[in-house]
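Quick note: residue numbers are just sequence positions, from 1. Since this is a predicted model, take the numbers as computed values, not measurements.
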Amino acid sequence: MKFSYKIFRTGSDVLLAIADYSIVGNTYSEGDLQIEVKQDFYYEKSCDEREIIRFIQEATIINAVGKDIISILIKNNIIDENDT
């Protein structure tokens, strides 16, 4: 699995914007909801699952999009499966 990510630092907060690499640049819609996985927000570098765990642990805020990254967040007890 490959992920696209960008880290934003503001004061003491560290925001990790991360997405499955394969969906960056795509737009998804469901009813009135729409999300655009913009390259300028979600892509600065790419990494694999092993590397992303370190970034997840350092983040105070995580903005994650994609089935693979959500599965990793659930597997590592970062989010609850019922909250997705």
Side-chain angles (χ1 to χ4, degrees):
M1 286 181 269
K2 191 172 179 183
F3 302 99
S4 173
Y5 73 95
K6 190 170 185 177
I7 296 173
F8 301 86
R9 297 179 191 278
T10 304
S12 62
D13 285 321
V14 177
L15 182 139
L16 172 64
I18 186 162
D20 294 358
Y21 189 83
S22 62
I23 68 169
V24 174
N26 295 346
T27 300
Y28 299 93
S29 299
E30 185 175 315
D32 291 338
L33 301 175
Q34 181 176 324
I35 185 168
E36 186 177 351
V37 188
K38 291 187 174 191
Q39 184 172 355
D40 63 343
F41 185 74
Y42 289 98
Y43 182 79
E44 183 172 54
K45 296 181 182 178
S46 61
C47 66
D48 63 18
E49 179 177 354
R50 181 179 43 83
E51 294 171 299
I52 204 59
I53 298 301
R54 180 172 49 101
F55 299 126
I56 289 169
Q57 292 172 340
E58 294 174 7
T60 57
I61 303 166
I62 300 173
N63 182 310
V65 180
K67 291 179 182 179
D68 293 337
I69 190 57
I70 297 300
S71 293
I72 289 171
L73 293 172
I74 291 169
K75 182 174 75 174
N76 286 279
N77 297 312
I78 307 298
I79 60 173
D80 187 288
E81 185 173 10
N82 296 321
D83 294 339
T84 61

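Heavy atoms from other residues, nucleotides or ligands lying under 6.0 Å from CD of Q39 number 12 at most.
The shortest heavy-atom contact between I7 and E44 is N-OE1, 4.1 Å.
Salt bridge absent: D40 and K38 never bring a charged side-chain N and a carboxylate O closer than 4.0 Å.
A continuous path of ILVMFWY side-chain contacts below 4.5 Å connects L73 to I18, so both sit in one hydrophobic cluster. Linking Ile, Leu, Val, Met, Phe, Trp and Tyr residues whenever their side-chain heavy atoms come within less than 4.5 Å leaves F41 and I69 in two separate clusters.
Interatomic distance, CD1 of I72 versus CD1 of I79, reported as 11.0 Å (0.5 Å rounding).
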Before you tell me yes or no, could you show the steps for Y28 and V37 under side-chain contact (heavy atoms from CB on, under 4.5 Å), namely the whole-Å CA-CA distance, both residues' side-chain angles and the distance that decides it to 0.1 Å? CA-CA 8 Å; Y28 299 93; V37 188; 4.1 Å; yes
Steps toward side-chain contact (heavy atoms from CB on, under 4.5 Å) verdict (V65, I23): CA-CA 8 Å; V65 180; I23 68 169; 3.6 Å; yes
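Among residue pairs with one or both ends in residues 52-75, those qualifying as salt bridge (charged side-chain N to carboxylate O under 4.0 Å, His left out) are E49-K75; sequence neighbours excluded.
Taking the six-membered ring for Trp and the full ring otherwise, the centers of Y42 and F3 sit at least 6.0 Å from each other.
Side-chain atoms of D80 come within 3.5 Å of backbone N or O of N82 as a donor-acceptor pair. Judged purely by atom type and a 3.5 angstrom limit, D20 has no side-chain atom pairing as donor or acceptor with the backbone of S22.
T60 meets the side-chain hydrogen bond (donor to acceptor under 3.5 Å, both in side chains) test with D13; sequence neighbours excluded.
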